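On a predicted model such as this, the values are computed, not experimentally measured, just so you know. Order of the sequence lines sets the chain letters (A, B, ...), proteins ahead of strands, with each chain counted from 1.
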Amino acid sequence: MSTQEKQAWFVIWVIAAALVLYAALYALTRSLTISMAALSITALLGAQGLIGRKERKSGRIVADERDHEIGRTAGIVGWSVFWLFFVAAAMGPYFILGPNATLHITTSELTMVVYPAVLIVLLVRALVMIILYRKNHHA
Amino acid sequence: MPSKEVLKNRIRRLRFDHDELTQQELADKVGVTRQTIVALEAGDYNPSLMLAMRIASFFGVPLEEVFELEQQRCDDESS
């Protein structure tokens with residue numbers, strides 16, 4: 001398994017763990033605010049760079065043209081998913097509520113919209129990487 | 001009957017003919033990961049021109065001796 005594929009699996013497992021913990025906390029507390037503490041696990045995503053550190057230190061190639069091509073394709077799909085979310089979030093209220101409406105949302109509701117959207121983009125990107133690594137991939 | 005082009009290679013044979021070079025050793029020599037060599041030998045990945053030239057240059061053979069473009073009928077499954 002290549003370093004990038006290991007990193008993709010790491011992203012999937014961290015986000016899955018955060019979602020499971022979120023669901024468990026909500027089931028126990030019925031509080032969105034408390035359940036959101038589960039999202040703090042996703043801070044581990046910042047440690048992705050540690051994967052493949054041993055290989056990099058030994059001078060071995062950890063990412064080559066095939067990895068870059070897969071990363072590029074996955075990035076395009078992830079960006080497309082982000083764009084769909086962004087357009088829906090930006091234009092949805094306009095068309096649903098009208099141009100002169102006012103929307104009051106709490107900060108926790110804002111966080112619940114923005115943060116999961118970013119997580120979904122990262123998840124989609126990681127899933128596409130896994131699929132491309134497992135399937136035939138041509139440069 | 002429609003056909004598609006498939007790039008075949010003899011990397012595995014050339015590797016064995018060169019003192020049974022391992023996939024990792026070949027990967028280190030041409031500057032890629034072992035997984036890319038695995039994908040190349042399985043026919044799951046078509047290399048860039050640069051990588052193809054580096055492989056051919058390493059084995060000391062012309063590019064056409066390493067890679068071959070084959071026409072396959074669309075209802076055929078390559079082995």
Side-chain angles (χ1 to χ4, degrees), chain A residues 1-16 45-80 122-139, chain B residues 2-12 14-15 18 21-59 63-79:
Chain A
M1 201 183 286
S2 68
T3 297
Q4 190 169 250
E5 189 178 355
K6 286 179 194 169
Q7 289 174 341
W9 278 113
F10 179 73
V11 168
I12 290 168
W13 281 114
V14 166
I15 293 177
L45 293 176
Q48 273 179 79
L50 294 175
I51 298 170
R53 201 173 58 143
K54 202 167 66 175
E55 287 86 351
R56 270 194 297 274
K57 274 192 169 179
S58 69
R60 199 152 271 178
I61 304 280
V62 293
D64 58 16
E65 59 176 50
R66 180 172 167 257
D67 298 305
H68 294 145
E69 180 64 26
I70 288 173
R72 206 162 29 237
T73 304
I76 289 170
V77 176
W79 163 255
S80 301
L122 293 176
L123 187 63
V124 164
R125 185 172 169 270
L127 286 170
V128 170
M129 276 189 191
I130 299 295
I131 290 168
L132 288 176
Y133 273 116
R134 296 293 150 137
K135 221 178 111 162
N136 292 352
H137 182 74
H138 299 281
Chain B
S3 64
K4 65 174 185 176
E5 293 174 325
V6 174
L7 193 67
K8 300 274 193 186
N9 66 75
R10 300 182 187 87
I11 294 173
R12 191 177 169 85
L14 286 164
R15 206 165 43 81
H18 275 70
L21 202 66
T22 64
Q23 290 172 332
Q24 185 63 65
E25 286 169 339
L26 176 60
D28 291 340
K29 293 291 183 191
V30 298
V32 294
T33 61
R34 188 186 68 85
Q35 288 78 17
T36 296
I37 298 297
V38 170
L40 277 169
E41 291 182 358
D44 290 342
Y45 177 67
N46 291 338
S48 66
L49 181 58
M50 284 290 284
L51 177 57
M53 293 290 284
R54 281 205 300 268
I55 292 172
S57 174
F58 170 74
F59 286 126
L63 197 60
E64 295 77 14
E65 276 195 36
V66 186
F67 298 97
E68 181 189 356
L69 197 61
E70 198 176 273
Q71 294 285 340
Q72 272 191 356
R73 281 162 47 150
C74 282
D75 56 344
D76 284 349
E77 290 289 328
S78 61
S79 56

Q: Apply side chain to side chain contact (heavy atoms under 4.5 Å, CB included) to Arg60(A) and Arg34(B), showing your working.
A: CA-CA 10 Å; Arg60(A) 199 152 271 178; Arg34(B) 188 186 68 85; over 6 Å; no
Q | Spacing of CD belonging to Glu65(A) relative to OG1 belonging to Thr33(B), to within rounding of 0.5 Å | A | 9.5 Å
Q. Distance from Ile61(A) atom CD1 to Thr36(B) atom OG1, nearest 0.5 Å?
A. 10.0 Å
Q. Are Gln35(B) and Arg66(A) close enough that some pair of their side-chain heavy atoms sits under 4.5 Å apart?
A. yes
Q: Flag yes if more than 12 heavy atoms outside Arg53(A) fall under 6.0 Å of its CZ atom; otherwise flag no.
A: no
Q | Results of side chain to side chain contact (heavy atoms under 4.5 Å, CB included) for Glu41(B) - residues two or more places apart only | A | Ile11(B), Arg12(B), Arg15(B), Gln23(B), Ile37(B)
Q | Phe10(A): ring pair (Phe, Tyr, Trp, His ring centres under 6.0 Å) partners, not counting sequence neighbours | A | none
